[in-house]
Amino acid sequence: MAEMPTPTPAIPRRWSSSRLSETQFALLLTVPLLVVLLAVVVYPLGYSIWMSLQRIDLIFNTTESVGLQNYRDALSSDQVHHAFRITIYYTILVTIFSLAASIGGALLLNEKFRGRPVLMTIVILPWAVSLYATSIVWRYLYSAEWGMFNAILLKLHIIDRPFNFLSERWAVPGVALAHAWQITPLGIYFILATLQVIPEDQYKMAKVDRLGPLGRFRFVVFPYIKTSILIIMVLITVEAARAFDTVFFLTNGGPGDVSTTLSWAVYMETFQKRQYGYGAAIGWLLVIFTMIITTVYFLLLFYRRKQQISDDGQLLAEGGFSKRARVFLMAVGAAALLVLGYAVVNYMDMVLIIAGFILIIAAVALVAAFLIRSGERPRKVLIYFAALVLLVWTLVPIYWMLNMSLMFKTELLTLPTHLFPHEPTLSNFIRIFGGESTGPSGEPLLPIGQAPALRQGFINSTILAIVVTALTMLVALPVSYALGRLNFKGKTPLLFTILATRSYPPISIVIPFFYLYTKTGLQGSLRGLIIIYFTLTIPMIVWVLTSFFSSLPRTVEAAARVDGNTRIRTFIKVIMPLSWPGIAVATAISFMVCWNEFAFAQFLTAGSKAQTYPPVLPSMLFQISMPTELAAASIVGIIPPAVIAYLFQRRIRSVNLVDPL
C-alpha cells in the first residue's frame, strides 16, 4: 500500500499594508494624530467648557456651579459687545491689508528684473519676526519720543510736534498694520509658488486672443491662484481674529478700551480679575466666532468644483462654484454686511474701510495691468517703483530696531531722534548677555538684570522648538499623506476637525491648561509647553502638507504600486523623496511657530526655570529706561527664525498650495 504524502504545513502569510483597503490604511496612518488631538485638544477644551459653567476661586479653592450664568453675563455685557466689535473691525483690517499686499507682492516677484533674487530673500524676513517682536518694533516706530515716523515728519517739517499714531482714532488701524506686515510674506510666497507653475503657453494664447492686461489677469492668472488666495485668507483671518500679542505689546487694549479685542478681554477677566469661569465663557464666545469664520471658508472650499491641473501645469478644468455655492456666497455676503454694520458703530470708519478696500483692489488691479506680460514701456518703471515700495515696507521696521539697538539711550532720546546712530555701539548686545560695557562718556555700564533669564530663555526656546518640530513632523506626515493621497470615508470631517483646532485662540485654550497645570505640577515646565504646543503646530503643518501632497502627480505612485511596492514602502521610498520641498517648508513653519510663541509661554512659564525667550521681554518693555536694550534683545530673538527662513525660502517658493478637498 502506497504511503500517503505528508501534507506541507501552511506557511502563515506575512502581514502587508497592501492587503489593507484605502480606508483601513488611512485609519492606520491617522490613529497617532487622533490620540494626540484627544490628549492635547479635546480634553482641555472639554475642561474649559466645564470651567465656563462654574464660579472658581483659586485662593479659597472653591468651585460653585452656576450653569449658563457666565454666558448670560457675557452676552449682556457692554464691554464684551465692544470687544466683539473691535475684534471684527481688527480682523477685517488685517485681512484687507495682508491680502492686497500678498497679491501685489506675488505679482511683482513673478516678474523678471534685476535684484529680484535679493528682494525675494529680503521679503521673507517679516515672517521670521514673531508677533511679539513685531509689536515691539512697531511700538517704537509709532513712538512720539523715539519713533522713526515722527522723526521723519519732524525733519521734513510736515508736523511741528510729535503725532500720536496709537491715539483713540488710530489705535486699531495701527495695530492691524503691524500685524499685516508680519503675516504678509507667507501669503506672497504661497501665491508666488502658484504663479510660477502657470505655463508660458497660456500667456501666448492670451496674446493671440488679443486679451488686454486685465483680461490676461482675469482669464489666465486668476484661475490658477484663486485656490491659494482662499487658503491664505483662511490663515490670515483666523490668525487676526485670535491675535493677542499685538494688543498686549502695542496698546494694552487702550487708550481706554478702544483696542480691546475679545482675546484681551479674556486675559483681563482671567489673569487680572481672576474670574476664571467668566473668562472661560468669554473665551468660548471667541472660539465660536473663529469657528464660524473657519466653517465659512471650509464650505467655500467644499462647494467649489475641483480645479483640474495636469502634471505639466496645464489647467484642464477651472474650479468654480455651483448654484448651491452661489446661494451660499450670497448668504455669506449678506451676513458679512450685517456683521460689519454691527461692528463699526462709527459710520466714518465704515466709509474708510469700504473706500480703502476699493482703493487697494484698484491699486492691485493697476499693478496687475502693467505686470501681466503687458509689454508696455512704463512697465519697467512701475516694476522698479513697486520693488522699491516693497523693499521699504519690508526693511523699515527691522532697520529701526537695529538702529535703536546700536544707539546709546542719550542719543535715542534726542528730539527728533537720529535716523541712524552717530556713535554706534555694541554695548546693548554685550549687556543683555551678562557682559559689562562703557557709556558714551566712558562711564561703566553693568549687565542688565534680565541677562540670566535671557540666556536661559534662549536655550529653552531652542530645545523646545527642535523637540516639538521633530514630534510634530513624526505625527503630521502620515496623516497628511492619508488626507492628501487617499480616498476614504470621513476624510472631509477629519480635515475640518484638524483645521478647526487651529482656529481656537491661544488665550482661550490657555485657561484650562493653566488651571490643570497648577493642579498637576506641570506649570513652569518644558514638558507642559511641549504638550500644549501641539495645538499650534499640528493643525497648520497638516494643512500645508496635505495641500502639498495633493499637488504631487499620481502617476509616480501608481507606477510604484505596479512594481510591487506596498503602500508603506511607496510612501517612504517614493512619496517622501518627492516631498522634500513641502517637508522643508513645514519644518521651518513649525520651528518658527514654536520659537516665536508668546501667550502660552508667558502664562505657563513666566518666572520659572523653564521660561522661554519671549516672556522675558515684557519685563523690559514696560521699563521706560530700557528701549535700546530691548531693541537688542529683540534683534537676538529674530536671528534664529530669520536664519531658518533664509535657508528655506527657496523651498517655500516651490510649494504650490492646492485645494486639499
Side-chain angles (χ1 to χ4, degrees), residues 31-48 50-51 56 58 130 132 244-245 267 270-271 276 280 283 450 452-479 498 501-502 504-542 586-587 589-619 637 640-641 644:
V31 163
L33 177 69
L34 295 175
V35 172
V36 171
L37 288 179
L38 183 65
V40 303
V41 176
V42 176
Y43 177 71
L45 286 178
Y47 200 88
S48 177
W50 175 83
M51 289 181 64
I56 300 171
L58 285 183
S130 65
Y132 74 83
F244 171 78
D245 305 25
Y267 165 73
T270 305
F271 297 99
Y276 294 100
Q450 291 87 351
L454 285 171
R455 289 197 303 267
Q456 186 60 48
F458 194 94
I459 295 171
N460 289 340
S461 289
T462 303
I463 295 172
L464 192 68
I466 292 174
V467 172
V468 173
T469 297
L471 294 176
T472 297
M473 297 305 295
L474 187 65
V475 173
L477 275 169
V479 72
I498 294 171
T501 58
R502 176 64 183 173
Y504 298 143
I507 196 65
S508 300
I509 299 179
V510 77
I511 298 174
F513 275 106
F514 178 81
Y515 194 69
L516 286 169
Y517 282 12
T518 301
K519 289 188 171 184
T520 58
L522 284 174
Q523 189 170 0
S525 70
L526 285 180
R527 287 178 300 160
L529 283 185
I530 289 173
I531 293 171
I532 201 171
Y533 276 15
F534 277 122
T535 64
L536 300 175
T537 57
I538 285 181
M540 179 177 287
I541 299 309
V542 169
T587 301
I589 291 175
S590 178
F591 183 91
M592 285 191 281
V593 166
C594 295
W595 178 273
N596 291 331
E597 200 283 322
F598 167 75
F600 290 141
Q602 167 70 14
F603 299 124
L604 298 179
T605 66
S608 69
K609 292 183 179 179
Q611 183 174 244
T612 58
Y613 196 81
V616 187
L617 302 186
S619 61
I644 294 292

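Heavy-atom basis, side chains included; hydrogens, waters and symmetry copies ignored.
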Straight-line distance of Y132 OH to L617 CG, nearest 0.5 Å: 5.5 Å
Rounded to the nearest 0.5 Å, what's the gap from CE on M473 to CD1 on I538? Could you check? 11.0 Å
Once you round to the nearest 0.5 Å, how far does CZ of F591 lie from CG of L464? 10.0 Å
What's the shortest heavy-atom distance between I511 and Y276, and which atoms? CG2-O, 4.3 Å
Over 60° means perpendicular and under 30° means parallel, so classify the ring planes of F514 and F271, tilted if in between. perpendicular
Considering all heavy atoms, the nearest P506-A599 contact: CB-CB, 4.3 Å
Evaluate side chain to side chain contact (heavy atoms under 4.5 Å, CB included) for F600 paired with I509, printing each intermediate quantity in order. CA-CA 9 Å; F600 290 141; I509 299 179; 4.2 Å; yes
Just grab all the side-chain hydrogen bond (donor to acceptor under 3.5 Å, both in side chains) pairs involving residues 460-473, residues at least two apart or on different chains. Q456-N460, T469-S590, T472-T537
Euclidean distance, M592 CE relative to T587 OG1, rounded to 0.5 Å: 10.5 Å
Measure the acute angle between the ring planes of F598 and F244, then classify it against the limits of 30° and 60° as parallel, tilted or perpendicular. parallel
Would you say the ring centers of F603 and Y267 fall short of 6.0 Å from each other? yes
With L471, which residues qualify under side-chain contact (heavy atoms from CB on, under 4.5 Å), at least two apart? V467, I530, F534
Do you know the tightest heavy-atom contact between V479 and A476? CG1-O, 3.3 Å
Suppose the criterion is side-chain hydrogen bond (donor to acceptor under 3.5 Å, both in side chains): which pairs have a residue in residues 593-613, not counting sequence neighbours? Y533-E597
Rounded to the nearest 0.5 Å, how far apart are CD1 of I589 and CD1 of I541? 5.0 Å
